[in-house]
Amino acid sequence: MGHIIAVVGGKGGVGKSVFAANLAVAYQLNFKQRSLIVDLDFQSLGDQNIILGMNPPKNIVDLTKTQVPQWDPKTLAPFMMNAPQGYSFIGAPREAAIARDIDLDGLGKFLKAAANIFPWVVIDCGNGTEPQALKALEQATVIFVVTTPDIIVLNQTRRVMNKMQELLFPQEMIQVVVNKYSQNNAINTQIIQKNLNKVPFFVIPDEASTCDGALAKSQPFTLSAPAAAISRSYSDLVRRIDQTKMLDQLTKLNKPSGTAQKMQVIQGGAQTTNPANTGEGPGARSKLGLVDPWTSMKLRIHKALIDVVDMKKMGSDVSDPKQKEVLREKTQKAILDVLNKEDVSNLCPTREMRAQLVKEVLDEALGLGPLEDLLADDTVTEIMVNARDQIYIEQAGRPGLSKVTFSSEQQMMNVVERIVTPLGRRVDEKTPYVDARLHDGSRVHIIIPPLALRGPTITIRKFPKKRIMSADLVKFGSMTEEIADFLRACVEAKLNIVVSGGTGSGKTTLLNVLSNFIPTNERIITVEDAAELQLGQDHVVRLETRPKNIEGEGEVSIRDLIKCCLRMRPDRIIVGECRGGEALDMLSAMNTGHSGSLTTVHSNNPRESLGRLETLVMMAGMGLPLKAIRETISSAVNLIVQQSRMNDGTRKVTHISEVIGMQGEVVTLQDIFVFKQEGLDKNRKIIGRFVPTGFIPKFVEEMEAKGMKISRGLFAVK
């Protein structure tokens, strides 16, 4: 089995074609094995003919359109010229009109066969973004990106490399070769590495006179001037490739498929409309932003649905499940009627693919489109829609790009309307962002143009359908059983607790767990921007803020709701998150008989959470002196629980700290428990343990006076 070596140039003039020709010849000269040079640069159309001094009567386009049972040296002979020195050449067409007729399927079959016939097949792929070049890249073992020590060239090279990574070509497969390099260049290899974020694999010296002389003779300089420094460098290059076993190692990499057909669709030349041919299944869409045949069909069905179905008259905003089911059946029948008028045999050759198409259209017409499947997937904890064709999801604490996309921005806006309308919210140019929640309690933030430049942006924070308990956090490794029991005792003892953490660290989940420690005979009032808490007690009053209406009136803030709940005889007040002046009202409530209150703030550690609270209190606009604010905080807050998201995606309680009081002008803190990281395992998961600091909290004596038993050994250093 041979190897296909693809050569790509980030910009014209870098010497990419000369590099490809001399690389193949150097391999033949050093290892005495026949190599094949294939010209797929359809921008230059024939540069390789000049470099090699060969003019084949037939070209690669003729080859791909020829039907043969199997490619072998005999069937390839009419399309290939053999040099006396031992290498072979298949040229590009000399006219652009002929080049457009290339058969990608035929090219793919030839490349597979060529790798079995020749130990090395070196392909000149131009800039690497043409359909025929992408077909070669898909089957290549390595991609050599040729650049020169020039800032403008490096900029273009970086764009080419980024495009390849967008197309999911493995980073290890892409190797940089610096051509025309001189020690006198102001741009050295360190600058090149910094610009391209990759260490160059090899450097070719600048020897313009040797190159010009070889071109004048129409002969590779590795043949015409074998003793020249530049020719010797090519020998060093092929030997290095062989000695490092680079090609054997890269063969194991997984390469993308279907990129060539997608690019052909962009350029208006696709011959196939079956999404299965793209290698990504139904609804596949290119990373390049094209509208593929599958999406095009969905858009046509949507347009036809608008013509035959009045969704408003059919009651698309109904809340009754039975009416929704009736609506779904009627809409499904309308979709099938539209499909029966279309020829979808190529697009949906199987019954399963046809059913998938109907489901996707139904989801977009009546539900949340491609988000439906993501919401139904319990392993997905966060959905981040950056643009119509770019949806990221978080699974197991790590974000990744999802394969699903929206058909159009209009479909996205329809989904946005379905989210906000039932809640009495609105999102438009006047109010281009909104916080909302889904029927399952998931939190949603939406921001639309003109503020979002790439189209509507949707962020959904999902919450588990099963309420998470302290035992689950222990199982996840977020805390130990001893810490869970300690926190339970703190909640039952009516300590005022602040849960601190960064965005996505799990503050709300931990607050939920702590709130479930509250005895069932106590009256609990929750105050939230968007209702997220899932309390297991019965005696609970849930309050939610309200934004301004169309006239700009009617807003109800968290501050307003905290003032209301103080008149509702609460035993416990739980504020979902303090992010403004409501922090002052919350601290005041903690100081005026409403002990046992819980809330969260954004901060990176317990000490910073105190500074954060100070800032939030100042936002109340009361003009309180800083010392008075700190005294209020020190007397109101008993415990700070720090929740952090670790580098491996896990969430852990990293600090439990007691607020002791004031020492001069400073609020004093004392850590009770901390998480000590000790290293990483073979899966790059964090290894660590929860350790006590040896400090016994002051409130332990008060808890014991109330009859609660707290083991002093819990705080002993182990």
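- Remark: the Asn179 side chain and the Thr148 side chain contain no N/O donor-acceptor pair separated by less than 3.5 Å.
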- Please report the C-alpha distance between Val178 and Ile204 in whole Å, then the side-chain angles of each, then the deciding distance to 0.1 Å, and finally whether the side-chain contact (heavy atoms from CB on, under 4.5 Å) criterion is met. CA-CA 6 Å; Val178 183; Ile204 305 291; over 6 Å; no

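- Not one N or O on the side chain of Thr141 forms a donor-acceptor pair closer than 3.5 Å with the backbone of Leu247.
- Inter-residue side-chain proximity for Leu29 and Leu223 is flagged as met; some heavy-atom pair is nearer than 4.5 Å.
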- Task: Show the numbers, then the answer: is there a side-chain contact (heavy atoms from CB on, under 4.5 Å) between Ser218 and Leu52?
- Result: CA-CA 6 Å; Ser218 288; Leu52 297 169; over 6 Å; no

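- Aromatic ring centres of Phe144 and Phe202: separated by at least 6.0 Å.
- In this structure, Arg240 places its CZ atom where more than 12 heavy-atom neighbours from other residues, nucleotides or ligands lie under 6.0 Å away.
- Looking at heavy atoms from C-beta onward, Thr189 lies in side-chain contact with Val203 at the 4.5 angstrom threshold.
- Checked by atom type and distance alone, the side chain of Gln139 pairs as donor or acceptor with a backbone atom of Gly108 at under 3.5 Å.
- Distance alone, capped at 3.5 Å, is enough to place a donor-acceptor pair between the Arg388 side chain and the Phe406 backbone.
- Salt bridge Asp124/Lys16: present, at least one basic N to carboxylate O contact under 4.0 Å.
- Within the model, atoms CD of Gln193 and CG of Leu196 stand 9.5 Å from one another, a figure rounded to the nearest 0.5 Å.
- Here the CE-CG distance, from Met54 to Asp39, works out to 12.5 Å after rounding to the nearest 0.5 Å.
- Heavy atoms of other residues, nucleotides or ligands lying less than 6.0 angstrom from NZ of Lys359 number more than 12.
- For the residue pair Ser224 / Gln219, no side-chain donor-acceptor distance below 3.5 Å is found, with atom types taken as modelled.
- With values rounded to the nearest 0.5 angstrom, Ile383 atom CD1 is found 9.5 Å from Ile458 atom CD1.
- Taking all atoms of both residues into account, the shortest heavy-atom contact from Glu207 to Ala228 is OE2-CB, 3.4 Å.
- Put simply, the side chain of Val25 does not reach to within 4.5 Å of the side chain of Phe221, judged on heavy atoms.
- For the 3.5 Å distance criterion, the side chains of Asn30 and Ser235 qualify, holding a donor opposite an acceptor.
- Rounding to the nearest 0.5 Å places CG of Leu36 at 12.5 Å from CD of Gln28.
- In this structure, the side chains of Met412 and Val385 come closer than 4.5 Å at one or more pairs of heavy atoms.
- Between Pro456 and Pro449 the shortest heavy-atom distance is N-CD, 3.7 Å.
- Counting only N and O atoms by type, the side chains of Asp41 and Ser44 include a donor and acceptor under 3.5 Å apart.
- For Phe79, the ring pair (Phe, Tyr, Trp, His ring centres under 6.0 Å) partners two or more places apart in sequence, or in a different chain, are Trp71.
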- Task: Just do the side-chain contact (heavy atoms from CB on, under 4.5 Å) check on Val7 and Ile123 with the steps written out, would you?
- Result: CA-CA 6 Å; Val7 179; Ile123 304 179; over 6 Å; no

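- Within the 4.5 Å cutoff, side-chain heavy atoms of Ile192 are placed close to those of Leu154.
- Side-chain contact between Leu76 and Ile117 is present, with heavy atoms from C-beta onward closer than 4.5 Å.
- The side-chain heavy atoms of Pro93 and Ile60, taken from C-beta on, include a pair separated by under 4.5 Å.
- Residues passing the ring pair (Phe, Tyr, Trp, His ring centres under 6.0 Å) test with Tyr27 are Phe31, Trp120, sequence neighbours excluded.
- Atom NE2 of His3 is separated from atom OG1 of Thr251 by 4.5 Å, given to the nearest 0.5 angstrom.
- Side-chain atoms of Thr64 come within 3.5 Å of backbone atoms of Asp103 as a donor-acceptor pair (strictly under, hydrogens ignored).
- Of all non-hydrogen atoms in Pro220 and Asn22, the two that sit nearest each other are CB-OD1, 3.4 Å.
- With hydrogens and angles ignored, the 3.5 Å screen pairs no side-chain donor or acceptor of Thr405 with any backbone N or O of Asp389.
- Atom CG of Asn188 has more than 12 neighbouring heavy atoms from other residues, nucleotides or ligands inside a 6.0 Å radius.
- Between Gly46 and Ala92, the closest heavy-atom pair is N-CB, 4.5 Å.
- Counting non-hydrogen atoms of neighbouring residues, nucleotides and ligands closer than 6.0 angstrom, the CD atom of Gln395 exceeds 12 such neighbours.
- Between Arg239 and Asp242 there is no salt bridge, since no side-chain nitrogen of the basic residue lies less than 4.0 Å from a carboxylate oxygen of the acidic one.
- Taking CE from Met384 and CG from Leu374, the interatomic distance works out to 10.5 Å, rounded to the nearest 0.5 Å.
- Ser88 and Arg34 form a side-chain donor-acceptor contact under 3.5 Å, judged by distance and modelled atom types alone.
- Looking only at distances, no side-chain donor or acceptor of Lys32 sits under 3.5 Å from a matching main-chain atom of Gly86.
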- Item | From CA spacing to verdict: side chain to side chain donor-acceptor pair (under 3.5 Å), Asn162, Arg159 | CA-CA 5 Å; Asn162 289 342; Arg159 290 179 59 186; over 6 Å; no

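- In this structure, Asp150 does not pair ionically with Lys11, as no charged nitrogen and carboxylate oxygen lie closer than 4.0 Å.
- Judged by distance alone, with hydrogens and angles left aside, the side-chain atoms of Glu394 form no donor-acceptor pair with the main-chain N or O of Gly400 at under 3.5 Å.
- Around atom CD1 of Ile152, no more than 12 heavy atoms belonging to other residues, nucleotides or ligands sit under 6.0 Å away.
- A donor-acceptor pair shorter than 3.5 Å can be found between the side chains of Asp72 and Thr75.
- Although no hydrogens or angles enter the test, the distance criterion places a donor-acceptor pair under 3.5 Å between the side chain of Ser231 and the main chain of Ala225.
- Taking the side chain as every heavy atom from C-beta outward, Met161 and Val176 approach each other to under 4.5 Å.
- Listed here is the closest heavy atom pair of Leu134 and Gly128: CD2-O, 3.3 Å.
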- Could you please spell out the steps behind the side-chain contact (heavy atoms from CB on, under 4.5 Å) verdict for Ile4 and Leu111? CA-CA 8 Å; Ile4 294 178; Leu111 292 175; 4.0 Å; yes

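- Counting only N and O atoms by type, the side chains of Asp206 and Ser182 include no donor and acceptor under 3.5 Å apart.
- Residue pairs meeting the ring pair (Phe, Tyr, Trp, His ring centres under 6.0 Å) criterion with at least one member in residues 172-195: none, sequence neighbours excluded.
- Judged by distance alone, with hydrogens and angles left aside, the side-chain atoms of Gln175 form a donor-acceptor pair with the main-chain N or O of Glu172 at under 3.5 Å.
- Asn195 places a side-chain N or O within 3.5 Å of a backbone atom of Ile191 that can act as its donor or acceptor partner.
- Ala452 approaches Gly455 most closely through the heavy-atom pair CB-O, 3.2 Å.
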